[in-house]
Each structure stands twice: as C-alpha cells, then as structure tokens.
There are 4 protein chains.
Amino acid sequence: MSTPPTFKRLPRAVREQQMLDAAVKVFSRRGFHAASMDEIAEDAGISKPMVYAYLGTKEELFVACLHREGTRMMQAIAGAAAPELPADERLWRGLRAFFGFVGAHRDGWAVLYRQARGEQPFAGELAGMRARLVEVVAGMLDHALRAEGREVGETDLEVVAYALVGATESLADWLADHPEADPEKTATRMMNVAWLGAGQLLHGVTWHPRVTPG
Amino acid sequence: MSTPPTFKRLPRAVREQQMLDAAVKVFSRRGFHAASMDEIAEDAGISKPMVYAYLGTKEELFVACLHREGTRMMQAIAGAAAPELPADERLWRGLRAFFGFVGAHRDGWAVLYRQARGEQPFAGELAGMRARLVEVVAGMLDHALRAEGREVGETDLEVVAYALVGATESLADWLADHPEADPEKTATRMMNVAWLGAGQLLHGVTWHPRVTPG
Amino acid sequence: MSTPPTFKRLPRAVREQQMLDAAVKVFSRRGFHAASMDEIAEDAGISKPMVYAYLGTKEELFVACLHREGTRMMQAIAGAAAPELPADERLWRGLRAFFGFVGAHRDGWAVLYRQARGEQPFAGELAGMRARLVEVVAGMLDHALRAEGREVGETDLEVVAYALVGATESLADWLADHPEADPEKTATRMMNVAWLGAGQLLHGVTWHPRVTPG
Amino acid sequence: MSTPPTFKRLPRAVREQQMLDAAVKVFSRRGFHAASMDEIAEDAGISKPMVYAYLGTKEELFVACLHREGTRMMQAIAGAAAPELPADERLWRGLRAFFGFVGAHRDGWAVLYRQARGEQPFAGELAGMRARLVEVVAGMLDHALRAEGREVGETDLEVVAYALVGATESLADWLADHPEADPEKTATRMMNVAWLGAGQLLHGVTWHPRVTPG
DNA sequence: TATGAATGAGGTTTCATTCAT
DNA sequence: AATGAATGAAACCTCATTCAT
C-alpha cells in the first residue's frame with residue numbers, strides 16, 4: 001500500500017495560517033459585514049466548525065487578521081528606523097518602510113484597517129494599533145523635541161501625532177486605491193508634509209491666529 | 001391659546017426632515033449595518049413604509065443623510081473663507097468653520113465620514129464630498145502657489161491635499177470622540193501642522209531623501 | 001377668465017373605463033400578483049383611493065377586467081353564429097370570430113384569461129366564463145346531436161366540450177404568443193381538429209380500447 | 001425491538017425529497033404566490049434555512065418541483081407506448097398512462113401545469129415540459145403521417161399538436177377537480193376526440209371553410 | 001480531529017388598504 | 001369628489017453559530 005497524499009490532519013498552526021490567509025482575502029474583498037463565514041471557510045478549504053474552534057467568532061477572527069497583518073507591518077518597519085539616526089532620517093525610513101509595506105499588501109493591511117475604522121466593535125483594537133503606529137512614526141518627534149530641550153503639552157503632542165497618523169493613513173488609502181502609484185514617491189510626499197511642518201515646530205515656530213473681531 | 005402640536009398628517013417636507021434627523025442619529029449611534037430601519041422609523045415617530053416611500057432603500061437613506069449633512073457642512077464653511085483674503089487667513093477660517101461644525105454636529109460627522117469610509121457602496125458619494133472638501137480646504141494651496149509663480153505636478157498636489165484632508169479628518173474624529181475638547185483649539189493645532197508645512201512648501205523648500213544605499 | 005381645460009371631475013362611467021383600461025394593461029404586462037395597485041392607479045392618471053372607491057379590492061378589480069373583456073369577446077362572437085345555420089357553419093363562424101377577437105387583443109383577453117386559470121380566487125369567475133364559451137362553441141354539438149336523434153350521457157358531453165374548449169384555449173395562448181400568426185388560419189386549424197373529430201362522433205363512430213391484458 | 005424512527009440529522013438526499021414533497025403539497029393547495037416558505041418548511045418538518053440551503057430560492061424550489069413531477073410523469077408514460085405498436089394503440093396507451101398518472105398524483109399535476117401556466121418566470125420551464133409531452137403524445141401523429149406518405153407543414157403540425165395537448169391538459173384539469181372520476185374513462189373520451197379527429201386527418205380528409213362573403 | 005446538518009433570529013422590502021383633509 | 005399621508009402585516013432571504021456524528 002502506498003501512502004496517499006495527505007491534505008488533512010495538518011498541525012494546528014498551519015491550519016490557522018490558512019484560515020487567516022483566507023479571512024484576510026475575503027474581508028478585504030467584501031468588507032467585514034459582506035464577508036460570510038461560509039465563504040471564508042470554503043476559501044480556506046476547511047469546514048466552518050473548524051474556524052470557530054480555532055479562531056472563534058467572526059469578530060475575533062477579524063481581530064486576529066488585524067493582529068497578524070499589523071504585526072507583520074510593525075516588523076517590516078522595526079528594523080528600518082534605528083534609534084541612533086537623526087530624527088528626520090528615522091522618520092523617513094519609517095515612512096518608507098510603512099508605505100513599502102502598504103504598497104506590497106494593497107489588498108491586505110490597508111483595506112482591513114479601513115474596514116476597522118468604521119466599526120465600533122474594533123475601536124479598542126484600533127486604538128492599540130494606532131498607538132503602536134504613533135510610537136514608531138510620530139514618537140520620534142517627542143524624542144527630538146526633548147533633545148532640543150523643549151516642552152510640549154501632552155494634549156498638543158497627542159493631537160499633532162493624531163494629525164500626522166491621519167495624514168499617513170489617508171495616503172495609505174490613496175496608495176491602496178492606486179495600483180500604479182509608487183510607494184517610494186508617496187513616502188517622499190508624506191515626508192514633505194510631515195517633516196517640513198514638524199521641522200518648523202521643532203524649531204519653536206508656531207502659528208497663532210491673528211486677533212480678529214468675530 | 002396656541003394651536004396644539006399636531007403629530008399626524010404632516011406635509012412631506014417636514015416628515016422627510018424628521019426621518020433624516022432620526023436616521024443620522026441612529027446611523028451614528030449604531031453604525032450603518034447595525035442600524036435597523038425599524039429603529040430609525042420608530043425614532044422618527046413614523047412607520048417603516050413611510051421611510052421607504054419617501055427616502056427609499058436603506059442605502060439611499062444613508063446617502064441622503066450624507067448629502068444633507070455634507071451640504072450643511074459646506075454651507076457652514078462657504079461663508080467663512082472669502083477669496084480675497086490672504087491664503088493663510090483663508091485656510092484658518094476654513095478650518096475654524098470646519099471644526100466648529102464638527103464640534104457642533106458630532107453625530108453628523110460620524111455619519112458623514114467615519115461610517116462611509118469603510119463601506120464600498122458609498123465610495124462614490126464619499127469621493128464627491130472629499131473632492132468638495134479639497135476644493136475648499138486644500139485648493140487654496142494651489143491658488144497661493146500659482147500666485148507665487150510656482151508649478152506643482154497635478155499628482156503632487158492631489159497627494160498633498162489628500163494628506164491634509166486626511167489629517168483634518170483624523171482630528172475631526174478625535175474631536176468627535178472628545179466631547180470636552182475645544183473646536184477652536186483643535187483648529188489651531190491643525191493649522192499649525194498644515195500651514196507651517198504648507199508655508200515651507202510655498203516658499204520652495206522641499207525635502208528630499210539623502211542618497212543612501214538600499 | 002377662460003375656462004381651463006378640464007381633466008378632472010369626469011363622470012363616473014368614464015373614470016371607470018379609464019381604470020379598467022389601465023388595469024387590463026398592467027395586469028397583462030405584469031401578471032396578477034406582480035401588478036401593483038400603485039401602478040394601475042398611476043397609469044390611469046388617478047389616485048388609489050378612487051380605484052378602491054369605484055372598483056373595490058384588487059381581486060374585484062381583476063374580476064371586473066375579466067368581465068369587461070369577456071363580455072366584449074362574447075359580443076364579438078354573438079352575431080357571428082346564427083342559430084339557423086348548419087352546425088359546422090355555426091362552429092366555424094364562432095371559432096373565426098373567437099380567434100379574430102383574440103388576435104386583435106393579444107395583450108388583453110388571452111393574457112387575462114391565462115392569468116386567471118392559475119389562481120384559485122378566480123375559479124368561480126372562470127367557471128362562468130368557460131360555461132359561456134361552452135354554450136357558444138360546443139353547445140352546438142348538443143344541438144346537432146339531438147337533431148340527429150342521438151343521446152349522449154351528460155358527463156360525456158361535458159367532458160368532450162371541456163376538451164374542445166381546452167384545445168381552443170390552448171390555441172388562443174399560442175396565438176397570443178405568436179404576433180405574426182394569422183387568426184383566420186388558426187381558426188381553420190382548430191376547426192379541422194374539432195369538426196373532423198366531432199363530425200365522426202356525430203355520425204355515431206366511436207373509438208373503444210381493444211381488449212388487452214394489463 | 002425495532003429501531004425507533006429518527007427525525008433528525010437525515011442525509012441530504014432524504015431531506016430534499018421531504019422538502020419537495022412538502023413543496024408540491026403546499027404549492028398545490030395554495031398556489032405559487034399564496035404559498036409561503038414558512039409553511040413549506042414547517043410542513044417538511046425542517047427549518048426554513050435548510051430549504052434555502054438545499055433547494056434555493058422560492059422560484060428555484062418551484063422549478064425543482066416541476067422537474068421532479070415532470071420527470072416522474074414522463075417515466076410513467078415512457079414505458080407505456082412502445083414504438084413498434086400501431087399509431088392508435090400507442091396514442092391510447094400514452095393517454096391512458098398520462099391520465100392514470102394525473103389521477104394518482106392530482107397534487108403533482110396541479111403544481112406542474114396549472115400553476116406554472118399563469119406565471120411568466122416559468123414559461124421557459126413549461127415550454128420544455130410541453131415540448132416533451134408533444135414528443136410523446138402528439139409526435140406519433142407525425143410518424144403515422146409519414147408512414148402513409150403524407151406531408152404536413154411544420155406549423156400545421158405544431159398547431160394541431162398544440163391543440164391536442166391543450167385538450168389533454170384541459171381534461172387533466174377536469175380530472176384533478178373531480179376526485180371521483182375514472183382516469184381510464186377520461187382517457188377513453190380524450191382518445192375519441194383526438195383519434196377520430198386525427199384519424200380523419202390521417203386519411204387525408206381536411207375541412208375547409210366554404211367560400212362566403214365577409 | 002473534522003464536518004454535514006441544522007436553526008434562531010433578525011433584517012429589508014413590498015403591498016393592499018384606509019384615514020383625514 | 002378626490003387625494004396625500006399613513007400603516008399592519010407578512011414575505012423572502014441570509015447569517016453567525018452550534019450539535020451530533
């Protein structure tokens with residue numbers, strides 16, 4: 001007797017990756033709500049109860065996707081921005097890595113992230129991801145500021161970081177929607193917006209409204 | 001004696017507004033999918049068939065909300081930024097009006113953008129709204145640039161505008177989530193990010209990546 | 001002051017005909033269930049409550065259509081088959097008139113009739129119509145039979161009549177579905193089937209199964 | 001002790017038959033539109049989603065009924081009319097089998113034809129069934145005609161076949177409505193109408209209208 | 001481990017029909 | 001006489017989720 005090719009009884013870790021692959025694909029294509037567990041299971045070549053057994057409910061599955069893709073992104077960025085480099089260089093490398101990743105996974109990360117923004121159940125998860133993004137992308141500002149001996153109010157920093165992350169997310173969307181666009185160039189553009197603004201702020205230049213009636 | 005309030009047999013225009021009010025409220029609270037036509041109808045104090053008769057399908061109803069709230073927002077901004085003012089003043093007034101509106105209509109904003117961004121069926125509608133925002137908020141940049149005799153590639157301008165609008169949307173989200181925050185202060189912060197960056201760009205300062213291997 | 005053209009306040013009889021025209025049109029095009037009172041009212045240029053006031057519920061309205069069109073058909077046939085003519089001539093003239101009528105109202109009578117056959121609520125009405133058809137189309141057989149001094153069981157006659165009417169209805173369907181077909185020719189074909197068969201029966205020729213095992 | 005009857009977790013094939021049984025029953029009793037998926041599911045002793053999962057939409061379910069009943073009918077007729085028999089004998093056996101089947105499955109018949117005739121969505125399906133009926137019931141005429149060396153125009157044959165099938169359907173309706181009636185006798189009556197007419201035609205006797213004015 | 005079978009619950013949508021003006 | 005406004009009721013359909021094998 002020869003042993004038949006084995007497609008089943010794979011170890012759990014492998015199965016989970018298959019499921020997540022399918023889930024990311026389907027969630028991206030259809031959106032969170034339009035995606036059905038049926039389609040995901042079928043696409044993963046596995047039965048629905050297995051999906052539930054391994055990865056839990058639909059929401060949990062989506063969070064798992066977010067998690068895996070987010071982690072991959074953070075890893076892609078991690079090695080790029082060494083702490084000993086000057087601030088602008090670190091920011092640039094971080095942005096380049098970020099847009100490079102988004103460009104390479106146009107139908108993965110960006111779409112999932114966009115989906116998550118609209119749905120309340122993922123608010124918590126999203127806050128975490130955003131926090132990590134801020135840590136890498138905008139946290140450098142704080143570092144640089146302190147290096148120059150400046151103090152900025154906490155809220156101020158949070159808000160500016162929020163703005164920068166928002167701009168970055170927005171360009172990531174744009175990139176995901178324009179298959180022919182160049183990630184490197186997009187990163188450069190973002191850098192222009194972020195750094196020239198941030199650079200001014202770092203040097204103590206701030207803008208104030210003129211005193212006007214009304 | 002004043003006439004007692006009549007709750008029945010109202011003219012169509014009035015009922016439509018009531019329905020839209022309710023729809024905006026419910027869509028904001030629950031999100032597009034979790035919102036049920038039942039709840040919207042009940043909240044509007046009317047039966048479901050009337051909603052369908054006047055505003056059509058659930059998607060159409062959502063689009064109608066988008067339309068009304070978007071129009072209101074644009075009107076709120078329209079009068080604020082007179083074309084004869086200098087660029088920074090116009091931008092500032094536009095931003096102030098925008099954040100003022102968002103602060104005063106947090107529900108509307110949540111419906112307008114946060115919900116719409118995630119769902120494919122509203123991509124077109126949203127593009128239209130964003131285009132109008134760009135026209136008012138970021139189109140000034142183009143005007144100012146040309147006034148200084150500079151040329152910027154179309155894509156460049158689109159992408160920078162996209163980034164600015166993204167940053168603005170992001171702060172609007174932040175504002176909608178922080179009921180105690182001051183719209184005016186938020187507008188000032190955004191102005192700092194946008195203008196100090198934009199100001200540099202206007203004066204021909206641009207950032208380029210240093211030549212590095214890899 | 002000149003009197004404006006008057007479109008309203010028409011006498012009841014006129015309005016009813018307008019409604020029936022519209023109803024026949026819509027019922028034919030959409031079928032009984034797919035037709036909506038809204039569409040009928042709109043097509044008649046009148047408001048729904050008027051339809052209910054004049055012609056009652058949807059079922060009653062359909063019956064009214066059936067009635068009017070059926071009556072018209074009977075009138076069209078009535079003068080054609082004079083009782084003093086020989087049986088085959090009477091049958092032929094009746095058939096010719098019938099198919100002529102059906103051909104001239106391809107989207108009226110035949111379609112309504114076809115609709116009615118499938119729906120239980122109209123069984124009674126339909127029985128009446130069929131009875132009238134039998135009276136004109138197949139009742140002649142009885143007359144001729146008696147003239148030849150033959151006796152046929154009641155059930156026998158009913159069944160044969162039923163068969164002939166069924167064949168006729170079937171060809172009416174066929175005619176309604178074939179816009180290019182010639183009613184006169186169709187009548188001739190039906191006559192061949194009906195008369196050559198009926199003719200044999202009239203002369204006492206009947207068919208019997210051979211005695212076979214099983 | 002015998003194993004107690006199990007009502008749950010039946011294999012798909014079994015459940016599908018149960019569902020079709022229920023559907024045929026309910027469609028017959030209520031008509032296509034008045035029938036509700038709820039009632040069908042309940043009658044099949046299963047939940048609605050299973051019906052949708054196995055048999056699809058309401059229309060598809062109806063078509064499935066049509067198919068099953070139609071196939072059964074054709075099978076019932078198939079073995080009855082051997083090709084080597086003389087034409088009248090074949091026709092007679094075919095009719096006897098047909099009316100026998102209708103008498104034994106009055107529900108099936110009602111679904112098969114009466115319902116389907118009135119509804120446009122099933123026109124195609126019905127045409128197919130009718131075509132098959134014509135093949136068996138009336139196609140013999142063609143065979144017999146050619147055996148006698150006669151030629152008949154295609155349209156002529158189609159129309160005559162249509163008339164015969166119409167007559168047969170009509171008698172089937174009559175049979176379905178008269179529970180006490182004898183299928184065999186009904187078949188004999190139909191045979192009289194069909195064969196004595198067809199017999200004449202086979203021998204070259206045709207009827208023509210006399211030349212009359214108008 | 002793995003899955004076919006099964007369902008509770010809920011959502012959108014449509015319509016015939018009637019008030020109240 | 002005539003109608004815009006209004007609704008109760010019900011239908012179809014889908015989906016996340018779990019049992020029982």
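A note on names: the letters A, B, ... follow the listed sequences, proteins ahead of strands, and every chain is numbered from 1.
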Using ring pair (Phe, Tyr, Trp, His ring centres under 6.0 Å) as the criterion, list what pairs up with A:Phe32, not counting sequence neighbours.
A:Phe27, A:Phe62, A:Phe122
For residues 49-68 of chain C, which residue pairs qualify under salt bridge (charged side-chain N to carboxylate O under 4.0 Å, His left out), counting only residues two or more places apart or in two chains?
C:Asp21-C:Arg68
Nucleic acid contacts of residues 54-62 of chain D, taken as heavy-atom distances under 4.0 Å to DNA chain F
D:Thr57, D:Lys58
On DNA chain F, check which nucleotide each of D:Met37 and B:Arg12 is closest to and give me the residue with the more 5' one.
B:Arg12
How many Å lie between CG on C:Asp38 and C1' on E:dC15, as a whole number?
8 Å
For B:Ala13 and A:Ala35, find the nucleotide of DNA chain F closest to each by heavy atoms; which residue's nucleotide sits nearer the 5' end?
B:Ala13
Check salt bridge (charged side-chain N to carboxylate O under 4.0 Å, His left out) between A:Glu125 and all other residues, then give those that pass, not counting sequence neighbours.
none
Not counting sequence neighbours, which residues clear side chain to side chain contact (heavy atoms under 4.5 Å, CB included) with A:Ala64? List them please.
A:Leu20
Pairs satisfying side-chain hydrogen bond (donor to acceptor under 3.5 Å, both in side chains), at least one member in residues 110-121 of chain A, at least two apart
A:Tyr113-A:Glu169, A:Arg114-A:Asp177, A:Arg117-A:Glu169, A:Arg117-A:Asp173
Just report the end-to-end axis angle for the helix from E:dA2-F:dT21 to E:dT21-F:dA2, five pairs per end, to 10 degrees.
20°
Which residues pass the side chain to side chain contact (heavy atoms under 4.5 Å, CB included) test with C:Ala110, not counting sequence neighbours?
C:Val102, C:Ala176
More than 12 foreign heavy atoms under 6.0 Å from CD of B:Gln17: is that the case here?
yes
Applying a 4.0 Å non-hydrogen cut-off, can you work out what B:Ala34 is touching in the nucleic acid: base, sugar-phosphate, or nothing?
nothing
Restricting to side chain to side chain contact (heavy atoms under 4.5 Å, CB included), what partner residues turn up for D:Asp38, sequence neighbours left out?
D:Ser36, D:Lys48
Listing request: all side-chain hydrogen bond (donor to acceptor under 3.5 Å, both in side chains) pairs with a residue in residues 23-35 of chain C, at least two apart in sequence or in separate chains.
C:Lys25-C:Asp43, C:Arg30-C:Glu39, C:His33-D:His33
In residues 39-51 of chain A, which residues come under 4.0 Å of DNA chain E by heavy atom?
A:Ile46, A:Ser47, A:Lys48, A:Pro49, A:Met50
Report the residues that fulfil ring pair (Phe, Tyr, Trp, His ring centres under 6.0 Å) with A:Tyr52, sequence neighbours left out, ordered by chain and then residue number.
none
Spell out yes or no: do the side chain of D:Arg9 and the base of E:dA5 have one donor N/O and one acceptor N/O closer than 3.5 Å?
yes
